[in-house]
Structures are given as structure tokens and as C-alpha cells.
Amino acid sequence: MPELPEVEALADFLRDQLTGQTVAAVLPVAVSVLKTYEPPPDALRGRTVTGVRRHGKFLDVDTGGLHLVTHLARAGWLQWRDRLPDGPPRPGRGPLALRVALETGAGFDLTEAGTQKRLAVYLVDHPGQVPGIARLGPDPLADDFGEEQLAALLTGERRRLKGALRDQSLIAGIGNAYSDEILHAARMSPYKPAGSLTAEELHTLYEALRGTLTEAVERSRGVAAGRLKAAKRSGMRVHGRAGEPCPVCGDTVREVSFSDSALQYCPTCQTGGRPLADRRLSRLLK
């Protein structure tokens with residue numbers, strides 16, 4: 001799933017490509033992709049793009065007060081084309097969900113792999129009309145996001161750190177991958193209760209959070225949309241690297257599996273050398 005750094009990079013890329021350009025057409029291909037019906041997609045025809053920005057994991061293309069907002073979900077992606085194919089796209093079983101065409105002939109496709117169709121597109125007068133944006137917590141890379149704000153968010157929090165960091169209503173933009181990376185950088189167990197941090201631990205977590213996300217944004221900046229996924233994978237130290245050596249200590253990166261996701265961590269760096277319980281794996285071995 002694209003998270004804060006990748007969506008920020010996509011926003012930067014689209015800002016350069018789209019600002020000042022006129023929309024020729026917005027063509028939904030998948031029936032499920034549009035989550036709003038008024039105004040219709042045709043309302044964007046002839047409008048000029050005035051800006052592109054990110055809200056958490058949401059991508060917002062502004063056409064002077066009418067916003068095309070996209071959430072790429074787990075398997076969605078954006079593909080830029082300097083020259084779109086002639087003729088309207090045909091509905092079918094392919095990954096294409098929606099096409100945005102410019103008067104120059106360029107544009108982009110929104111695609112989604114797999115059978116679970118969760119990619120979502122909204123056309124709204126204000127980004128806050130999108131329910132997911134209205135629920136967002138503070139942006140962790142905002143200038144005013146400091147240790148005090150993080151401390152306030154985690155005070156009384158009963159969940160584990162891994163779950164708290166992924167909660168978009170608590171902190172916007174962090175998902176499964178970067179929560180693993182942040183906790184590895186902080187040398188903290190993903191199972192550690194989020195509300196139990198000392199002042200020193202809170203400082204460590206804050207520095208790891210800001211540092212990990214900032215480095216990822218800088219690593220992604222200037223990378224073409226088609227290469228962002230590879231750039232994300234190359235920068236991961238533990239996420240998606242179960243069975244490989246930890247780049248910090250050399251211990252083997254371990255994994256805990258859940259019904260719809262998995263976390264990765266280093267026992268030596270994060271859990272005092274103790275493997276975390278993986279109940280799903282235990283059931284399979286019985």
C-alpha cells in the first residue's frame with residue numbers, strides 16, 4: 001500500500017505535470033471506483049489544475065475549488081502517460097479503474113490489481129467532504145507536529161505501538177510498512193503498549209518517526225511514478241525482509257502473520273532477543 005512518503009512523491013510529481021493544464025476528460029472504467037455521484041466526472045472537463053497536495057494517504061488534485069481525491073488502497077497505483085491511447089478505455093477485467101486525460105494528450109491512469117477492489121475516487125468541493133480525510137489525525141511531518149503532540153496522542157492509549165501508529169485517526173499517513181520501519185529505528189517492540197512510554201522512550205520514538213518518514217520522502221523525491229514501488233522496497237530495513245539479516249545487528253528478521261497482514265521485526269534490536277508469539281503460525285503447526 002502506498003503510504004505517506006510515496007503519496008507525497010506522487011503529489012510532487014503530479015504537481016509538476018498537471019499544474020496549469022486543462023482537463024479534457026475523466027473516464028471511470030471500473031464501476032466501483034467512484035464513491036461520489038454529484039458533481040459528476042464531466043464537471044472537471046475544461047477546468048484547469050491549480051494544485052496537487054497530500055492528505056495522509058489521500059491524493060488531492062485541485063481544479064480551482066473542485067477536487068479529484070484518490071485513495072490508492074492496498075493494490076492501487078497511478079501510471080503517468082505522456083501520450084494516452086486514442087479512444088476511450090474499454091471496461092473489462094483488466095486493472096484500469098479510471099483515466100484522467102488532459103487537452104495536451106497526456107494524462108494518467110488509476111489501476112488496481114487483484115480481486116479486492118478498494119481503490120476509491122471522490123469528486124468534492126472540499127477535501128474535508130471525503131469521510132477518510134475528515135477523520136484524519138495530525139500529519140507527522142507537519143511543522144507543528146512535535147513531541148508534545150505525540151505525547152498527548154499516546155496518553156492513555158491502550159493499544160500496542162504497531163496498531164496505534166497505523167491508526168489514521170491518530171496519526172495520518174503511516175501504514176504497515178513504515179510502522180515496522182519506525183519501530184525498528186526506535187528499537188521498540190511492536191507489541192509494546194503505546195501508553196506506557198517514558199519521556200526518554202517518547203523522545204526516541206518521535207525522532208525515529210520523523211527521521212524514518214523524512215528519509216523516505218527524500219529518497220522518493222524526484223523518482224518517476226513508475227519506479228516509486230521499487231524505491232520503497234529498496235529502502236526497507238525490516239519490512240518485507242523476513243528471513244534476511246538485520247542490517248543493524250545481523251540477527252534474522254522475523255515475522256508475525258495476521259489474517260490480512262504481517263509485521264516484521266528484529267528480535268535483537270527490538271524485543272531483547274525474544275521472538276514474538278505468532279498464534280497463526282502456531283495453529284498451522286498443530
Side-chain angles (χ1 to χ4, degrees), residues 1-11 32-33 35-36 52-61 67-78 110 112 116-122 124 126-183 185-186 188 190-195 197 202 205-206 208-214 216-217 220 228-229 232 236 239 258-264:
M1 177 185 290
E3 300 179 31
L4 184 156
E6 293 76 47
V7 180
E8 183 70 25
L10 285 174
S32 61
V33 69
K35 307 305 179 185
T36 54
V52 181
R53 63 175 299 191
R54 174 187 61 80
H55 311 275
K57 301 179 193 177
F58 289 84
L59 191 62
D60 173 11
V61 177
H67 299 255
L68 184 72
V69 177
T70 301
H71 190 281
L72 293 169
R74 177 171 294 182
W77 198 244
L78 183 147
L110 295 177
E112 185 172 26
Q116 293 185 348
K117 301 304 181 183
R118 297 177 179 175
L119 188 150
V121 177
Y122 308 80
V124 292
H126 188 277
Q129 293 174 311
V130 177
I133 292 179
R135 292 192 298 266
L136 286 177
D139 192 293
L141 291 187
D143 292 339
D144 59 355
F145 186 84
E147 284 186 46
E148 299 82 2
Q149 190 168 10
L150 180 61
L153 291 170
L154 296 183
T155 297
E157 179 60 60
R158 297 183 178 182
R159 290 172 294 180
R160 296 166 173 172
L161 275 173
K162 172 74 175 180
L165 289 177
R166 292 184 63 187
D167 182 353
Q168 300 304 295
S169 64
L170 190 73
I171 303 173
I174 302 171
N176 195 37
Y178 287 103
S179 57
D180 282 350
E181 295 298 301
I182 289 166
L183 291 172
M188 292 182 183
Y191 285 4
K192 186 177 183 65
L197 302 187
L202 187 72
L205 180 62
Y206 176 79
L209 187 154
R210 294 277 287 201
T212 299
L213 294 178
T214 299
V217 169
S220 301
L228 277 173
K229 290 182 181 180
K232 177 181 180 178
M236 295 290 159
H239 183 78
F258 304 98
S259 60
D260 62 347
S261 65
L263 67 82
Q264 289 84 39

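This chain uses plain numbering: 1 for the first residue, then up along the sequence.
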If the test is side chain to side chain contact (heavy atoms under 4.5 Å, CB included), which one of L141, I174, I171 qualifies with L4? L141

Non-hydrogen side-chain atoms of R135 and Q168 separated by less than 4.5 Å: no

R210 and P140 have their tightest heavy-atom pair at NH1-O, 2.8 Å

Mark yes or no for whether H126, through its side chain, and G128, through its backbone, hold a donor-acceptor pair below 3.5 Å. yes

Residues that A152 engages under side chain to side chain contact (heavy atoms under 4.5 Å, CB included), provided they are two or more places apart: none

Mark yes or no for whether K232, through its side chain, and P2, through its backbone, hold a donor-acceptor pair below 3.5 Å. no

Measuring only between side-chain heavy atoms, which start at C-beta, is L154 closer than 4.5 Å to L205? yes

Test item: N176 side-chain N/O and A262 main-chain N/O as donor-acceptor pair under 3.5 Å: yes

Nearest 0.5 Å, what's the OH-NE2 distance between Y122 and H71? 8.0 Å

Check: L78 and T70 side chains under 4.5 Å, non-hydrogen atoms: no

Side-chain donor/acceptor of K57 to backbone N/O of R54, under 3.5 Å: no

Looking at T212, is its backbone amide N or carbonyl O close enough to the side chain of E181 to form a donor-acceptor pair, meaning the two atoms are under 3.5 Å apart? no

What distance do L136 atom CG and L170 atom CG have between them, rounded to the nearest 0.5 Å? 11.5 Å

Counting only N and O atoms by type, is there a donor-acceptor contact under 3.5 Å from the side chain of K162 to the main-chain atoms of K192? no

For the pair Y206 and F145, name the ring-plane relationship: parallel under 30°, tilted 30 to 60°, perpendicular over 60°. parallel

Can you name the nearest heavy-atom pair linking H55 to D60, along with the distance? NE2-OD2, 2.9 Å

Would a 4.5 Å heavy-atom cut-off, applied to side chains only, mark Y178 and L165 as touching? no

For the residue pair S220 and E6, what are the closest heavy atoms and their distance? OG-OE2, 4.5 Å

Side chain proximity check, V130 to T36, heavy atoms < 4.5 angstrom: no

When you compare the side chain of L10 with that of L72, does any pair of heavy atoms fall below 4.5 Å? yes

Closest approach of V124 to Q129 (non-hydrogen atoms, all atoms of both residues): CB-OE1, 3.3 Å

Any side-chain hydrogen bond (donor to acceptor under 3.5 Å, both in side chains) pairs touching residues 149-158, not counting sequence neighbours? E157-R159

Donor-acceptor check, side chain of E112 to backbone of L119, threshold 3.5 angstrom: yes or no? yes

Minimum heavy-atom separation for G56 and A172, please, with both atom names. CA-CB, 3.9 Å

If you round to the nearest 0.5 Å, how far is CD of E8 from CG of D139? 8.0 Å

Answer yes or no: is there a side-chain heavy-atom contact under 4.5 Å between F58 and P127? no

I182 vs L161, test: side chain to side chain contact (heavy atoms under 4.5 Å, CB included). Steps then yes/no. CA-CA 10 Å; I182 289 166; L161 275 173; over 6 Å; no

Atom CG in L197, atom CG in L150: separation rounded to 0.5 Å? 8.0 Å

Of all heavy-atom pairs linking E3 and G173, the shortest is CB-O, 3.6 Å

